[in-house]
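Notes to accompany the following structure.
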Protein chains: 2
Amino acid sequence: MERQSKTLVDTVFQGIFDLLIAGEIPLGGVVNEALLAERFKVSRGPVREAVKALQGRGLITKEPYLKARVVDLSVADMVQIFQLRESVEGMAVRLATRAMPDEALDQLLAEFADADRKQKRPALDVHVRIAEGCGNGRIQSLLCDELYYLLRLYRARSGDTPGRRDDAFAEHWQILRAMKARDADLAESLMRSHIARATESLQELLDSEGGAEASPASGQKSA
Amino acid sequence: MERQSKTLVDTVFQGIFDLLIAGEIPLGGVVNEALLAERFKVSRGPVREAVKALQGRGLITKEPYLKARVVDLSVADMVQIFQLRESVEGMAVRLATRAMPDEALDQLLAEFADADRKQKRPALDVHVRIAEGCGNGRIQSLLCDELYYLLRLYRARSGDTPGRRDDAFAEHWQILRAMKARDADLAESLMRSHIARATESLQELLDSEGGAEASPASGQKSA
DNA sequence: GGGCAAAAAAGTGTCAACACTATTGTGGGG
DNA sequence: CCCCACAATAGTGTTGACACTTTTTTGCCC
């Protein structure tokens with residue numbers, strides 16, 4: 001009974017997303033409106049709109065009278081997402097290198113060094129912080145509100161690419177140093193290489209998988 | 001009366017979008033569900049979902065119990081969109097340079113040369129064709145289904161930046177030549193410069209405008 | 001016994017009415 | 001005369017019922 005100034009649609013939206021992250025609905029699984037309505041103790045209306053919003057965000061695919069399905073993130077889809085991230089995060093770090101004030105950068109470096117000591121990897125967080133600091137709301141929204149949802153969804157299932165933890169850590173460190181030196185070109189180049197390397201890991205995984213799984217499931221039409 | 005296998009929501013979605021393009025709803029104007037429902041001869045339900053989808057696509061902003069408003073695309077917003085396009089279209093042309101078959105490239109070049117003779121500028125179309133040819137559905141969807149909608153919306157009002165027609169034409173030509181030569185690095189570099197130049201025009205416009213208009217309106221939360 | 005057609009079931013799309021919230025207009029007090 | 005509280009209004013949020021489409025099941029014919 002706490003403040004529910006947020007509309008039910010938003011609550012349900014978050015709820016369904018949590019279900020996806022938790023894996024309660026399998027990756028290619030169907031999304032039944034009535035069951036969700038029952039589960040969240042609301043009518044089907046808010047559920048429909050929430051599903052529509054999820055669809056607009058690319059997490060759920062759906063065509064007119066067919067059941068809605070959770071997007072099944074194939075490795076091929078992930079490669080495409082990483083290609084997109086390579087370009088966008090490159091631009092993000094370029095902009096952030098110019099836009100972020102010294103204090104914010106210093107704090108980020110300090111936190112990162114701290115996490116290093118504790119062996120806790122901040123991982124995604126560095127990317128998020130850079131996206132937040134780039135000063136471009138559109139880019140930030142794309143990275144933080146859309147692509148990272150898909151990333152989380154993928155990682156919650158497949159587990160991220162192994163053997164890249166330590167490499168990624170070193171690469172993050174390099175990027176932060178370039179930002180501190182206000183070298184936007186270098187920072188962008190490093191970020192792109194950083195993500196490109198992860199993409200290559202995925203690509204190898206895709207090639208090794210062979211043509212076993214062929215799931216297009218990319219790009220949805222709604223108009 | 002014709003085949004309306006498409007759901008009403010999709011029809012209304014397209015209808016509202018057309019209204020925005022046509023300028024029947026001014027850029028910061030309110031979007032009244034009941035009026036739209038009346039206009040399209042449907043109930044408010046489909047309108048609500050369509051508006052929600054538009055919101056998910058960033059064309060309409062809305063918070064819980066407040067009126068929905070058409071996003072008012074300030075020049076500052078456009079600069080942000082162009083920065084995003086610079087990175088993504090750069091990647092798109094890089095991928096397309098590798099992915100597009102010779103025949104498709106030749107045809108594109110031929111069409112372009114033809115348009116040159118007729119003085120009809122294909123303009124946006126070149127970007128669309130490259131996006132379609134990049135082989136990455138996610139990037140194609142972002143460029144063609146999201147950003148170009150906003151571009152069209154902006155150009156339908158403000159008219160695009162003057163004095164760049166001829167320059168843009170020459171730059172498109174250069175890009176196509178680089179693609180034909182299968183020089184992905186050059187093609188990406190040219191595309192980025194191409195868009196960056198347009199961004200600079202916008203930036204100058206923004207600076208000359210001064211702080212007259214301050215409309216943030218970028219980035220919407222829905223969860 | 002296998003395959004096709006019709007009917008039943010399940011699920012999505014649409015609608016109209018009701019509940020809630022924010023805004024606007026109005027009246028009284030300072 | 002200005003400002004604040006209160007009622008009236010407009011508009012959004014939610015709901016349950018009904019219509020349409022797809023899928024599955026069942027029964028019939030070959």
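By convention in this document, chain letters (A, B, ...) are assigned in the order of the sequence lines, proteins followed by strands, and residues within each chain are numbered from 1. What you see below is based on every heavy atom in this structure, not just the backbone, and it leaves out hydrogens, waters and symmetry mates.
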Nucleotide range of DNA chain D lying under 4.0 Å from chain B heavy atoms: dG11(D) to dT14(D)
Mind calculating the distance between CZ (Phe40(B)) and P (dG13(C)) to the nearest angstrom? 19 Å
Looking only at side chains, do Glu111(B) and Gln107(B) share a donor and an acceptor under 3.5 Å apart? yes
Any side-chain heavy atom of Arg39(B) sitting closer than 4.5 Å to one from Glu24(B)? yes
May I ask you to evaluate whether Lys41(B) reaches the phosphate of dT14(C), defined as a side-chain N or O under 4.0 Å from OP1 or OP2? no
May I ask you to verify whether the side chain of Arg44(A) and the base of dG11(C) hold a donor-acceptor pair under 3.5 Å? no
Does dT14(C) have OP1 or OP2 under 4.0 Å away from a side-chain N or O of Thr7(B)? yes
Steps toward salt bridge (Lys or Arg N to Asp or Glu O under 4.0 Å) verdict (Arg192(B), Glu188(A)): CA-CA 14 Å; Arg192(B) 290 191 62 158; Glu188(A) 176 171 14; 2.7 Å; yes
Does Arg44(A) come within less than 4.0 Å of Glu33(A), counting only side-chain N to carboxylate O? yes
Atom-pair distance (CD on Gln55(A); C1' on dT12(C)), nearest Å: 13 Å
Quick one: sort the His172(B) and His127(B) rings into parallel, tilted or perpendicular, breaks at 30° and 60°. perpendicular
Provide, to the nearest angstrom, the distance between the CG atom belonging to Leu66(B) and the C1' atom belonging to dC20(C). 14 Å
Tell me: OH of Tyr65(A) to P of dG13(C), nearest whole Å? 7 Å
May I ask you to say what Val31(A) touches in the nucleic acid, namely base, sugar-phosphate or nothing, with a heavy-atom cut-off under 4.0 Å? sugar-phosphate
Just by distance, with hydrogens left out, do Asp18(A) and Gln14(A) show a side-chain donor and acceptor under 3.5 Å apart? yes
Distance, rounded to the nearest Å, where Arg48(B) contributes CZ and dA19(C) contributes P: 17 Å
May I have the distance from Glu49(A) (atom CD) to dT14(C) (atom P), rounded to whole angstrom? 13 Å
Looking for any heavy atom pair under 4.0 Å, which part of the strands does Gly45(A) touch: base, sugar-phosphate only, or nothing? base
Distance, rounded to the nearest Å, where Leu8(B) contributes CG and dC15(C) contributes C1': 11 Å
On DNA chain D, does the nearest nucleotide to Val42(A) precede the nearest nucleotide to Asn32(B) from the 5' side, or the other way round? Give the residue. Asn32(B)
Please tell me whether Asp10(B) and Thr7(B) have a donor and an acceptor in their side chains that are separated by less than 3.5 angstrom. no
